[in-house]
Amino acid sequence: MVITPSLRQIMYDKESLRDYSRGILPDFSAIKMRLFLSERILDTRLPDHYYLRGREFSLNGIDSLSSLLSKGLHRLSSCHLELMGNLVHVKVDAWSDWQELLTFCTPLTCISAILWKEKFSSGIRERAELADFMIYHIYPNARYSCLPAPRFPAMQGLLRDSGLYDLHVHLNGATETDIAWQFFLKKPFDVYKEFKKAFEKPKVREQIDVCKELQKVFEMSKVREQIEQEASNIIDKPIDIYRLLMTARRIRWGIVHALFYGKYTPDISDALKTFNNANFFKIDSMVDSMLPTCTIHPMSRVFQNDIDASSTFPDVALESLMYVLIIDRLDKEKEDELAASFHYYLLILGLVNRLIVQQLNQNGFDQFQKITMNSFREAPEKSYARRFFQMHGNHCSNIEFIEGRFAPKSKPIENIKLLERILKGWKTFEKKCKKNNSRVPKLQLVSHFIKSEDESALTDYPQLSIRHKKLRIENWQKAKSLLYVRDNYPKMRDFLVGVDAAANELETPPEVFAPVYRLLRKRGIRHFTYHAGEDFHHLIGGMRAIYEAVEFLGMQQGDRIGHGTAVGIEPDIWLKYVGEQLIVSEGEWLDDIIFLLHLIEKYPDSALNSKIAVIQKEIDKHSQQIYSKHYSTYSHIRAWLLRRYCPFHILYELGDAINIYTWSEDEWRELANEKIDKETRELINLYHQDDCRKRYHKKIRIESLQILSKENLRELQDILLSELYERGVVLEVLPTSNVRISFYKNHEEHHIWRWLGVQDGYSSLSKMPPVVIGTDDTGIFSTNILNEYYHIYYQLTKRCSQPHNKALEILKQLVDNSKTYAFISENIR
């Protein structure tokens, strides 16, 4: 546990935020109690005295809100960060705790607290001195990115020799909170408009109050669910987020006004009482009527006479300077009104951070998806250059290669506009790197199709029931749209190098994307990857998803599987989190054991062959329940494998199939060669029929180890890894993403140590597929590719007891793997 338990709750205090939003000023004793309670709820197994002693220790000598926001912030920061020269680094021993802290606090507040204590001369207000402080101390730490890293000299040498390859980064969801925050306050109405659209979509409101009106949860969108979970009684409707952002913007102007021009008039305590008054949130109403209604950062006027002119310093650096100045002011003078305004400001920022960064209590892909769907980052991410600078780091030296993912559109003109925005941002970034003699990375783009729930009610062909009918047609439209762009826009063709499919894999199986993967491969796209085995009910089902992705999508040498957690996670860890029994759909379990039988039969020397009779009996049992008839295991396996083909082509007669939107003569010819027997065709038909689908989705309870023991599950994982190796398929590892989304509590539990052959109790596989590293969604997980490598280096040396030279050798191999298996156009190499 961290040694600053209560302090990390400074920006997480929901109750005080509710008070401020109602015009109530919480007293300091209430704030201290809330810090304790917020920390207490994270682990209820520990007794109160453990947390109370921690609070006593961390709050020793802090007797007011002013000292909490000065001494307290520094105390919190100094437990995690240290200054070396003019660079703020994460303390090596605090590396794991720091990653957790980023879900509670934004890093810029901590960086600023360290810079204040170590480098700032109290009382400085002269423009030239402040500019020097900005250039020499803030710029190196918060110019393009606000994520510090630990100092590993061996890694610095690796960076000098070769920048890093990020082979899995989504361009949307990439912006760090501190950077997005500047846009939120600059254009709060744009944020409100995007959030309002998302608020009505399925999947948002759980973030507000999970217990509130639980009977209505199923009527809510996922965005609404997210708001209920994280902002209960603070955000009740979309306009409330606009009001909070406007409040924060006005408070920021008021803080700067107080720092440079004296106290508020009228007194801020009176103004705070008006916060619950709707009139306060109107654009023409201010805390102080003398403060301008201007969108620029108020600190910019410190360096300019004309406050409407563009600042010479980036907003995020100006924000850091403002933090330094107010922390200094509150440390020297106890100003309750100023402290309250800063506290309210930080709490609003903390709320926004909770809505766009995956939290410790938000496990699983559904929680992640609520963040991706709430559209908070939609407005600030319409332009791309800023994200590329962020990825490259404050010194423009982190990246050698970016393989960015974007979601393709159904219409060519929409794809063209999207790609033009991406490439325009890239050209701006590239030009500045060249001008500054910095490392100039390469960019390649991978279009990722989106998995979504089966909308069976939306039928384009009512005479025939087809699973995921609507999505199959949309996929075909998007694939044709991509091909049009590649065929007609040569400059874009060089950047469009690969295809992926992302989002919640529990909602869409690989079979839905198989036809478009085949189409795109035949039309010239050479590189393919697929998110699989990331989130699953039964571990066997997670492995099935990986196998289906490889088998159904026709994965070839050099293609990749994203995540692949199911084929790496230690079964003990999985069982610890899911328990001895599971609730699964009956059809899902049937498919799992059909896959299991198929894979075991491919490896007759495996000890798992002793399970074949048990598996066959289980298949027959559940087949009878779903399909009301006995079918041979051969027919079940054959029908399952044939799911890789477009069901329209299997189930329609030729004359009708030619008229469907997804018609492919190649698909039809391949199917003609399959010579599907009557029983297999019947099973395929039943799989799609509505009445069988209802029985397929019926929930049943099974034992987690009903067929395979933990040792059997490990052997199955090794068999599947060997299968991937033989096919030449590469594994994409995304450590922080897996820790936040999957079953892991921390990086120490991650499966990469098993794959690298350094985990105790595991010998290296002779047929282990190559591994490459990526970041996934850098903003949502508060990470970047440099920090992903640092996590690996830290765990190798500290947890896996590897010598430094051996750890560095492993890292170099990972970098070499990335160079080898990167999706790169021949015209870009």
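Quick caveat, the model's predicted, so the values are computed rather than measured.
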Have a look at Leu245 and tell me which of Phe189, Tyr192, Trp181 forms a side chain to side chain contact (heavy atoms under 4.5 Å, CB included) with it. Trp181
Less than 6.0 angstrom from the centroid, inside 45 degrees of the normal: does [X] satisfy that with respect to the ring of [Y]?
{"X": "Arg740", "Y": "Phe368", "result": "no"}
{"X": "Arg354", "Y": "Tyr12", "result": "yes"}
{"X": "Lys119", "Y": "Phe133", "result": "no"}

Between Phe429, Trp426, Phe401, which is the residue that forms a ring pair (Phe, Tyr, Trp, His ring centres under 6.0 Å) with His392? Phe429
I'd like to know if Arg386 and Glu381 make a salt bridge, using a cut-off of under 4.0 Å between side-chain N and carboxylate O. no
Quick test of your reading of the model: are Lys427 and Glu430 salt-bridged, counting only N-O distances below 4.0 Å? yes
Does the plane of the ring in His74 sit parallel, tilted or perpendicular to the ring in Trp116? Use 30° and 60° as the thresholds. perpendicular
Take the angle between the ring planes of His80 and Trp98 and call it parallel below 30°, perpendicular above 60°, tilted in between. tilted
Looking only at the side chains, is there a donor atom on one of Glu788 and Thr736 sitting less than 3.5 Å from an acceptor on the other? yes
For Glu403, which residues count as a salt bridge (charged side-chain N to carboxylate O under 4.0 Å, His left out) partner, sequence neighbours excluded? Arg405, Arg560
Verify whether the ring centers belonging to His170 and Phe406 lie closer than 6.0 Å. no
Gln444 and Leu167: side-chain contact (heavy atoms from CB on, under 4.5 Å), yes or no, with the steps? CA-CA 9 Å; Gln444 297 281 249; Leu167 298 195; over 6 Å; no
Is atom NZ of Lys417 surrounded by more than 12 heavy atoms (other residues, nucleotides or ligands) closer than 6.0 Å? no
Are there more than 12 heavy atoms of other residues, nucleotides or ligands under 6.0 Å from atom CZ of Arg421? yes
Non-hydrogen side-chain atoms of [X] and [Y] separated by less than 4.5 Å:
{"X": "Pro188", "Y": "Met246", "value": "yes"}
{"X": "Glu194", "Y": "Phe376", "value": "no"}
{"X": "Leu81", "Y": "His89", "value": "no"}

Worked check of side-chain contact (heavy atoms from CB on, under 4.5 Å) between Ile326 and Leu330: CA-CA 6 Å; Ile326 193 169; Leu330 294 176; 4.2 Å; yes
Which pair of non-hydrogen atoms, one from Ser818 and one from Tyr789, has the smallest distance, and what is that distance? OG-OH, 3.9 Å
Test applied, side chain to side chain donor-acceptor pair (under 3.5 Å); reference residue, Ser737; option that passes from Thr783, Thr775, Asp776: Asp776
When you look at Glu319 and Arg252, which way does the salt bridge (charged side-chain N to carboxylate O under 4.0 Å, His left out) test go after all the steps? CA-CA 9 Å; Glu319 184 86 355; Arg252 186 165 71 174; 2.8 Å; yes
